[in-house]
Amino acid sequence: SPIENIYIYYGLYPSGNSRTLRGKWETDHFIFEGQRITKEKTTKWRITITPVEKNLHFVEEALVNDGVWEIKADFIYKRIQ
């Protein structure tokens, strides 16, 4: 919702898993964040989607147990016409 500046990211993965993250528009990009806590670990995710010309730059990062953010995916979604 642009009025409330709240957006939802829903990702489907080849493993069959899915992920739903809540986010917002910040200056020139969307940023979505979320986490999953289990007995073994806490995993945090951050998805950044930045419009670049007619395409979208997509970056997925993960952090486990308050370690270091790692880039898991970094690519350009290209618009096909």
Side-chain angles (χ1 to χ4, degrees):
S1 162
I3 293 171
E4 297 175 8
N5 195 27
I6 297 170
Y7 297 88
I8 302 296
Y9 166 84
Y10 185 74
L12 300 172
Y13 295 86
S15 64
N17 291 334
S18 65
R19 187 171 303 133
T20 304
L21 305 174
R22 183 179 173 143
K24 59 186 175 178
W25 177 258
E26 290 189 359
T27 310
D28 64 348
H29 63 277
F30 290 99
I31 188 157
F32 302 90
E33 298 178 308
Q35 68 179 12
R36 179 177 59 202
I37 300 171
T38 65
K39 291 180 183 180
E40 296 80 30
K41 63 184 176 182
T42 298
T43 304
K44 295 180 182 178
W45 289 280
R46 181 169 54 205
I47 305 286
T48 305
I49 301 173
T50 306
V52 180
E53 297 176 12
K54 293 184 179 182
N55 303 313
L56 297 173
H57 182 206
F58 177 95
V59 178
E60 178 179 12
E61 301 170 274
L63 177 143
V64 178
N65 292 333
D66 294 320
V68 177
W69 284 101
E70 291 184 38
I71 294 176
K72 299 296 185 178
D74 185 347
F75 54 87
I76 301 290
Y77 278 109
K78 292 187 176 185
R79 184 178 183 164
I80 299 174
Q81 291 184 336

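Keep in mind that this is a model prediction, so the values were computed, not measured. Side chains are part of it too, since the values below use all heavy atoms of this structure and drop only hydrogens, waters and symmetry mates.
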Hits for ring pair (Phe, Tyr, Trp, His ring centres under 6.0 Å) against Trp69, two or more places apart or cross-chain, chain-then-number order -> none
Starting at CZ of Phe32, measure out to OG1 of Thr20 and round the result to the nearest 0.5 Å. 11.5 Å
Euclidean distance, Asn55 CG relative to Thr50 OG1, rounded to 0.5 Å: 12.0 Å
Could you note down all residue pairs passing salt bridge (Lys or Arg N to Asp or Glu O under 4.0 Å) where residues 26-41 supplies at least one of them, sequence neighbours left out? Lys24-Glu26
Ile31 and Ile49: same hydrophobic cluster, using ILVMFWY side-chain contacts below 4.5 Å? no
When Ile, Leu, Val, Met, Phe, Trp and Tyr are grouped by side-chain heavy atoms lying under 4.5 Å apart, directly or through other members, which residues fall in the same group as Tyr10? Leu12
Show every donor-acceptor pair shorter than 3.5 Å between a side-chain atom in residues 56-65 and any protein atom, with sequence neighbours excluded, or say none if there are none.
{"from": "His57", "atom 1": "NE2", "to": "Asp74", "atom 2": "OD1", "distance (Å)": "2.6"}
{"from": "Glu60", "atom 1": "OE2", "to": "Tyr13", "atom 2": "OH", "distance (Å)": "3.3"}
{"from": "Glu60", "atom 1": "OE2", "to": "Arg19", "atom 2": "NH1", "distance (Å)": "2.5"}
{"from": "Glu61", "atom 1": "OE1", "to": "Arg46", "atom 2": "NE", "distance (Å)": "2.9"}
{"from": "Glu61", "atom 1": "OE1", "to": "Arg46", "atom 2": "NH2", "distance (Å)": "3.4"}
{"from": "Glu61", "atom 1": "OE2", "to": "Arg46", "atom 2": "NH2", "distance (Å)": "3.2"}
{"from": "Asn65", "atom 1": "OD1", "to": "Thr42", "atom 2": "N", "distance (Å)": "2.9"}

Hey, what's the ring geometry for Tyr77 with Phe75, parallel, tilted or perpendicular (30° and 60° as the breaks)? perpendicular
Between Tyr7 and Tyr9, is the ring centre distance below 6.0 Å? no
Mind listing the closest non-hydrogen atom pair of Ile8 and Arg22 along with its distance? CD1-CA, 4.2 Å
Taking only residues two or more places apart in sequence or in another chain, which ones pass side chain to side chain donor-acceptor pair (under 3.5 Å) with Thr27? none
Just jot down the salt bridge (Lys or Arg N to Asp or Glu O under 4.0 Å) partners of Glu53, sequence neighbours excluded, or say none. none
